[in-house]
Amino acid sequence: MVNITLPDGSVRSFEKPVSGAELAASIGPGLAKAALAVKIDGQMKDLALPIAKDAKVAIVTAKDPDALELIRHDAAHVLAQAVQELFPGTQITFGPAIENGFYYDFARKEPFTPEDFARIEQRMREIVDRNLPIERSIWERDRLKAWFREHGESFKAEWIDELPKGEEISVYRQGDWLDMCVGPHLPATGKLPKAFKLTKVSGTYWRGNPKNPVLQRIYGTAWASEKDLKEYLHQIEEAEKRDHRKIGREMNLFHLQEEAVGSVFWHPNGWTLWRTLERYMRARLEAAGYVEVKTPQLVDRKLWEESGHWDKFKDAMFLATPRAETAHAEDGERIYAIKPMNCPGAVQIFKQGLKSYRDLPLRMAEFGSCHRYEPSGAMHGIMRVRAFTQDDAHIFCTEPQIEAESVAFCDLLRTIYKDLGFADFFVKFSDRPAVRAGSDAVWDQAEGALRAAAEAAGLDLQLNPGEGAFYGPKLEFVLRDAIGRDWQCGTLQVDFVLPERLDASYIGEDGQRHRPVMLHRAILGSFERFTGILIEHFAGKFPLWLAPVQAVAATIVSDADGYAGEVEAALAAAGLRAKTDLRNEKINYKIREHSLAKVPILLILGRKEAEERKVTIRRLGEERQESLALDEAVAKLKELAKPPVPLA
RNA sequence: GCCGCAGUAGCUCAGUCGGUAGAGCACCUGAUUUGUAAUCAGGGGGUCGGCGGUUCGAUCCCGUCCUGCGGCACCA
């Protein structure tokens, strides 16, 4: 007797083990047709699997959000089958469901091109139409290996050896195509909705290792319905419209050029945005008890050797030396490196003069300009560059102070993210990596302290094993933007290693020398990247206090030109960034242009306004307008443009 | 760095089956003084990413380098 509890709480009893398909059929023919899989005690399983024990069972249909993973995984298999039918000699390797879709990695000499996509998609649809039953079976290890060998599938054959001994190997077959796979899968290819689309092709390494052969990965997206697919494609388009590289050009914020790969040319508008952000950060840091410093760009290699950076990161460091012919004698063998990080410099400042326990915690901030020789393929607009400015700070403190400092930092970070328009963030805890400095005892201590601090700050932690910095564990703060994308920005790292290596010390209450602990922390990460994130988050429509150009006074007739100048001056006197547009153009033209440039406030000035000393305000994205006396308008805009904290 | 794709005017893009290029917007000039998302007319502007090769002739074909784009890998 098997008792099946359905999601509505009702119980059905069967004499013999029953499959999900039979169960669905017993409930109704509609459900039997719609059934894609079953969830047995919350676990997704094949519809054909006999259920022998009492269980809570739910029939999964395309409407179930969990069905998407199934659909996407099956889409990957159908893709692989289609590719092998169309391109004989192509080997299959691995193809999972991923967020929004799926991919499959193939081994084939000739490249796939996006032009092949239409043909492959067509064949995928045919395979769906064939409605091939998808059957699971258990294969004996050597037999399966031999089968793959015979069929020229060397990657699959190799993989079998990697699977834990003694584990069952399941094979899913659809028609005469099969793949080794843990499943679950749909009951037949005909159940796969045709709401899929191949999106891109890229290179990848077998098992992710650059030493291994290069495979070709075909990406696709798959959904339960045509409508969902359309919606997703539309979202992608919207994301493209927010691209900071595009908006950066349109709003004249910055540019990049090949003579300075990985460095940003900031235009007046972009630099205004930067400076506003910097002044804001400065104000917040000052209020939180930080001091600000600036450390050198060019530092003798010797210091990097002492700090340990040379050892681990010299490949990513830019070197600078005087030309040999003209170098002064004292520079003989000296090699300078352009700083990739600010921490060793901060320690040098800490080490000047004797520090007392009374000086701790010492919160030393630096908008530190760093250079790193990033791999060429890593560059991306202003988000990933070789020259960047961190909103860095190093807190020198005692071990008992770690917790309070961490809690205070989390508060500061929360405030700043909120001010900048990000309500949503989560936190990852990264512990010791394989390659690291410092003893295990020191790591135990550091990880323990950071974890305790995170708990005290009331953070929910996601574990991120092995991803810590070489000198210590870290918290990583990840923002969620307006269209749901995640950006890792803030970080808090506990470091017992660097003070030791660089011999930083303070005099304790006992009159003896002690090692301070160093907390490395950043909130924005880098100004370059964070500016890019702000651009994409707001789609260029910045909050008034951040907008590079806050208001434009646009005239309708040239008779209002003089008055427009007065308006501009009044706005400037109130601390607003304003311009005039006196061009000989129609007001329609001016409104269109400044709207596209995402200027938040337009002041329309015609003969009437000039005569009555009024302005007509039109806010970006609104057709509604408002006519106010000049003084009143300036006061109102000043209030609207007020930053979250008075700017330093 | 790796795989693939791309590079034509400031921007977006068309074009040349090898005979030194074109549109729209932008820019300049003139006319127009205009009331809430593009006024009209005229004009200037390109060593068709760099270098080398094939060819009578290369923007087009071949090689190579650079840069960008999408992933992978990387992200102290």
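Only a predicted model underlies this, so the values are computations on that prediction, with no experimental measurement involved. All values below were derived from every heavy atom in this structure, side-chain atoms included, with hydrogens, water molecules and symmetry-related copies excluded. Reminder, nothing fancy here: chain letters follow the sequence lines and each chain counts from 1.
- Within 4.0 Å (heavy atoms only), A/Ile587 reaches sugar-phosphate atoms of the nucleic acid but no base atom.
- Taking a pair to require two hydrogen-bonding distances under 3.5 Å in either a Watson-Crick or a G-U wobble arrangement, B/G35 remains unpaired.
- Taking a cutoff of 4.0 Å between a charged side-chain nitrogen and a carboxylate oxygen, A/Arg485 and A/Glu536 qualify as a salt bridge.
- For the pair A/Asn588 and B/A37, the criterion of a side-chain N or O lying under 4.0 Å from OP1 or OP2 is met.
- The partner of B/G24 is B/C11, judged by Watson-Crick or G-U wobble contacts that both fall below 3.5 Å.
- Side chain of A/Glu609, nearest nucleotide from B/U33, B/A37, B/G35: B/G35.
- Heavy atoms of A/Lys608 sit under 4.0 angstrom from at least one base atom.
- Rounded to the nearest Å, the gap between the P atom of B/U33 and that of B/C25 is 23 Å.
- Base pairing of B/U16 is not made with any nucleotide, judged by Watson-Crick or G-U wobble geometry with both donor-acceptor distances under 3.5 Å.
- Closest-nucleotide positions on RNA chain B for A/Arg592 and A/Thr113 were compared, and the one nearer the 5' end corresponds to A/Thr113.
- With P as the reference atom, B/C13 and B/G49 are 15 Å apart, rounded to whole Å.
- Counting to the nearest Å, the C1' atom of B/A37 and the NZ atom of A/Lys598 are 13 Å from each other.
- Note on A/Glu623: nothing from the nucleic acid sits closer than 4.0 angstrom, heavy atoms only.
- Counting non-hydrogen atoms of other residues, nucleotides and ligands closer than 6.0 Å to NZ of A/Lys294 gives a total above 12.
- Distance noted for atom P between B/G63 and B/U20: 25 Å (whole Å).
- The aromatic rings of A/Tyr471 and A/His520 lie parallel to each other, their planes meeting at an angle below 30°, with 60° marking the opposite boundary.
- Pair assignment for B/G4: B/C69, on the basis of Watson-Crick or G-U wobble contacts that are both within less than 3.5 Å.
- Across all strands, A/Val557 comes closer than 4.0 Å to base atoms (heavy-atom distances).
- Between A/Arg249 atom CZ and B/C25 atom P there is a gap of 19 Å when expressed in whole angstrom units.
- Salt bridge annotation for A/Glu626-A/Arg619: absent, with no cationic side-chain nitrogen under 4.0 angstrom from a carboxylate oxygen.
- Regarding A/His255, its NE2 atom lies at a distance of 15 Å from the C1' atom of B/C11, rounded to whole Å.
- Using the Watson-Crick or G-U wobble rule with both distances under 3.5 Å, B/G45 pairs with nothing in any strand shown.
- Residue contacts for A/Gln625: at a heavy-atom cut-off of 4.0 Å it reaches a base atom on one of the strands shown.
- The two atoms that bring A/Trp304 and A/Pro344 nearest to each other are CZ3-CG, 3.3 Å, heavy atoms only.
- In this structure, A/Met251 places its CE atom 17 Å from C1' of B/C11, rounding to the nearest Å.
- With a cut-off of 3.5 Å on both Watson-Crick or G-U wobble distances, the partner of B/C60 is given as none.
- Among the heavy atoms of the strands lying under 4.0 Å from A/Thr616 is at least one base atom, whether or not backbone atoms are also near.
- Using a 4.0 Å heavy-atom distance criterion, A/Glu259 is classed as making no nucleic acid contact.
- Closest contact between the side chain of A/Arg618 and the listed nucleotides B/A37, B/G4, B/C3 involves B/A37.
- Judged by distance alone, the side chains of A/Glu158 and A/Trp206 do bring a donor and an acceptor atom under 3.5 Å apart.
- A salt bridge links A/Glu162 to A/Arg207: one of the charged nitrogens lies within less than 4.0 Å of a carboxylate oxygen.
- Remark: A/Arg515 fails to qualify as a cation-pi partner of A/Phe496 under the 6.0 Å distance and 45° angle criteria applied to the six-membered ring.
- Under the side-chain contact (heavy atoms from CB on, under 4.5 Å) criterion, A/Ile247 pairs with A/Glu250, A/Met251, A/Ile535, sequence neighbours left out.
- Put simply, A/Arg624 has no side-chain N or O that comes within less than 4.0 Å of OP1 or OP2 on B/U36.
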* To do: Mark up nucleotides 63-76 of chain B, 5' to 3', with B wherever a protein heavy atom is under 4.0 angstrom from a base atom, S wherever such an atom reaches only the sugar-phosphate, and - elsewhere.
  => ---SSSSBBBBBBB
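- Between A/Glu611 atom CD and B/G35 atom C1' the separation is 13 Å, expressed in whole Å.
- As judged by a 4.0 angstrom heavy-atom cut-off over every strand, A/Leu596 is placed among the base-contacting residues.
- Atom CD in A/Glu110 sits about 11 Å away from atom P in B/G4, given to the nearest Å.
- With a 3.5 Å ceiling on both atom-pair distances, the Watson-Crick or G-U wobble partner of B/G30 is B/C40.
- At whole-Å resolution of the value, NE2 in A/His267 and P in B/C11 are 12 Å apart.
- Across B/C65 and B/G18, the matching P atoms stand 26 Å from one another, rounded to whole Å.
- At least one donor-acceptor pair closer than 3.5 Å links the side chain of A/Arg242 to the backbone N or O of A/His537.
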